[in-house]
Amino acid sequence: MKIKTALQFGLCCIFLSHPIKFRIVYANNIKNLNKKERLRKISELCLSNSVNLLDGLKILQRLNIKSFRINSKFFPLYTHPDFSYKLTDLTDYEEIIKTLSKVKKYAKDNQIRLSFHPDQFIIISSPHQKVIENSIAELEYHTLLAGLVGAEVINIHIGGKYESKSETIKRFSKNFKKLSPQTQKILTVENDDVIYTPADVNELSSIIGIPFVYDIHHHRCNPDNLTEEKATELCLQSWQKFRPHQKPYFHISSSKNGARAHADYINPDDIPEFWHQIQATVDVEAKAKELAVIKLMKNFD
DNA sequence: GCATGTCAAGTTGTG
DNA sequence: CACAACTTGACATGC
């Protein structure tokens, strides 16, 4: 007996059983190359990643997986302090742009949503100036890439606790204003598994006017006085208020041995029943990647 | 082929 | 104090 669902499910970052690979390079491995060789190497990787993204979307379309989270290292070392570059520096610049415009068109035509979830180093609420600067640069890089592929969302966490949650939320709000208007328009914020609960994130979300992405596994690790129904409702309201033209995002994962770590697959019982009437995208965070999404979707119509 | 060490970056909790 | 965890291990090297 299959449950009828309005949800759509998404894959995060990588494929496990299909020949789609996103490649990276380390600073150490290009530091002995001259500038021209270095840019050729990086260009090759950026083009390879672009082609793989396009091919990956075609596989997702076949599998009826309607959302994909793009790896933050898509343009490797783009904001590295020693080896940063501009896209126009790259040997294959035109081919990269052309391929990414195909990605954008393919995703739009087939209604596949694209998003980002920048690395743990991206913390605009940090008390350290350098961390804030790096984070802003990294977010602006994501915004550039988001524009090229037509991604809808760049989703981050609030940050560490530092002196107090309320001081950190204030600093986040202050530094948010330093982001470009384009970045402000695409940024979302998610509850985490150790510090900031849905109630905290909803507070920040209301202050600065960006949507709240609800991760129900994090809520279970790091509960507050909100029920899952109430947290869901606040998430939906935030999207309705601040991005009414977009569907909300949820995250799902199942815990491994009852711990914080992610399991290979999703236990379908971890998806609350009341989610199934909601038009939203659920990004699946599971080690078995697209196999986990496929298996999960078999439970639903 | 396989085992191993390393990778730009922050912050927290656990053992 | 070292290490794992976080949206994702990937890569080069040495045998």
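- In this structure, the side chain of A/Ser48 does not engage the main chain of A/Glu44 through any donor-acceptor pair within 3.5 Å.
- Look at the P atom in both C/dT7 and B/dG13: the space between them is 15 Å, to the nearest Å.
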Residues 17-30 of chain A, side-chain donor-acceptor partners within the protein, below 3.5 Å, at least two apart:
from    : atom 1 : to       : atom 2 : distance (Å)
A/Ser17 : OG     : A/Glu290 : OE2    : 3.1
A/His18 : ND1    : A/Glu290 : OE2    : 2.7
A/Asn28 : OD1    : A/Lys31  : NZ     : 2.9

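- On the C1' atoms, B/dA3 is 26 Å away from C/dC6, given to the nearest whole Å.
- Looking at residues two or more places apart in sequence or on another chain, you find no side-chain hydrogen bond (donor to acceptor under 3.5 Å, both in side chains) involving A/Asn267.
- A gap of 16 Å separates the P atoms of C/dC3 and B/dT4, to the nearest Å.
- Residues from residues 111-126 of chain A that place a heavy atom under 4.0 Å from any atom of DNA chain C, listed by number: A/His117, A/Pro118, A/Asp119, A/Gln120.
- Between C/dC1 and B/dC7, the distance separating the two C1' atoms is 22 Å to the nearest Å.
- Taking a 4.5 Å side-chain heavy-atom cut-off between Ile, Leu, Val, Met, Phe, Trp and Tyr, the cluster of A/Tyr249 extends to A/Val153, A/Val213, A/Trp239.
- Side-chain atoms of A/Asn110 do not come within 3.5 Å of backbone N or O of A/Ala107 as any donor-acceptor pair.
- Nearest-nucleotide assignment on DNA chain C puts the 5′-proximal partner with A/Arg69, out of A/Lys21 and A/Arg69.
- A/Lys295 contributes no side-chain N or O that, together with a main-chain N or O of A/Tyr265, makes up a donor-acceptor pair within less than 3.5 Å.
- Here A/His157 lies in heavy-atom contact (under 4.0 Å) with sugar-phosphate atoms only.
- If you take atom P in C/dT8 and the same atom in C/dA12, they sit 23 Å apart, rounded to whole Å.
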Heavy atoms under 4.0 Å is the rule here; annotate nucleotides 2-7 of chain B 5' to 3' with B where the base is hit, S where only the sugar-phosphate is, and - elsewhere. -----B
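- The closest side-chain donor-acceptor pair between A/Thr188 and A/Asn155 falls under 3.5 angstrom.
- A donor-acceptor contact closer than 3.5 angstrom links the side chains of A/Thr197 and A/Asp200.
- Contacts between residues 127-154 of chain A and DNA chain C, counted as heavy-atom distances below 4.0 Å, involve no residue at all.
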For nucleotides 13-15 of chain C, give me every protein contact, N/O to N/O, under 3.5 Å, one pair per line with atom names.
none

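- Side-chain contact of A/Lys247 with A/Gln8: a donor-acceptor pair under 3.5 Å is present, judged by distance alone.
- A/Glu163 CD: more than 12 foreign heavy atoms inside a 6.0 Å radius.
- Judged by distance alone, the side chains of A/Ser125 and A/Asn175 never bring a donor and an acceptor atom under 3.5 Å apart.
- Checked against salt bridge (Lys or Arg N to Asp or Glu O under 4.0 Å), A/Glu152 has the following partners two or more places apart in sequence or in another chain: A/Arg113.
- Stem list for DNA chain C (at least 3 consecutive Watson-Crick or G-U pairs, distances under 3.5 Å): B:1-7 with C:9-15, B:10-15 with C:1-6.
- Side-chain contact of A/His117 with A/Ser72: a donor-acceptor pair under 3.5 Å is absent, judged by distance alone.
- Here B/dT12 is the nucleotide among C/dT7, B/dT12, B/dA8 with the atom lying nearest to any side-chain atom of A/Ile195.
- Annotation: of the two residues near DNA chain C, A/Leu45 and A/Glu190, the 5′-most nearest-nucleotide partner is A/Glu190.
- Listed by residue number, A/Glu285, A/Lys287, A/Lys289 are the residues of residues 282-290 of chain A with a heavy-atom contact under 4.0 Å to DNA chain C.
- Here the options are A/His219, A/His251, A/Glu190, the test is side chain to side chain donor-acceptor pair (under 3.5 Å), and the partner is A/Tyr214; only A/His219 passes.
- Side-chain N/O atoms of A/Gln61 and A/Lys66 include a donor and acceptor closer than 3.5 Å.
- Every residue was checked against the salt bridge (Lys or Arg N to Asp or Glu O under 4.0 Å) condition with A/Glu94, not counting sequence neighbours, and none meets it.
- Using a 4.0 Å cut-off on heavy atoms, none of the residues of residues 50-57 of chain A approach DNA chain C.
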Assess the residue pair A/Arg69 and A/Glu285 against the criterion (salt bridge (charged side-chain N to carboxylate O under 4.0 Å, His left out)); give the C-alpha distance rounded to whole Å, side-chain angles, the decisive distance to 0.1 Å, and a yes or no. CA-CA 10 Å; A/Arg69 181 183 300 170; A/Glu285 297 171 345; 3.1 Å; yes
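- With 3.5 Å as the limit, one finds a donor-acceptor pair spanning the side chains of A/Thr79 and A/Glu138.
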Run the numbers on A/Lys178 and A/Glu133 for salt bridge (charged side-chain N to carboxylate O under 4.0 Å, His left out), then give the verdict. CA-CA 10 Å; A/Lys178 298 177 184 165; A/Glu133 285 169 23; over 6 Å; no
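- With A/Phe300 as the aromatic partner, A/Lys2 does not meet the cation-pi criteria of under 6.0 angstrom to the ring centre and within 45 degrees of the ring axis.
- Classified by interplanar angle (parallel below 30°, tilted 30° to 60°, perpendicular above 60°), the ring pair A/His157/A/His218 is tilted.
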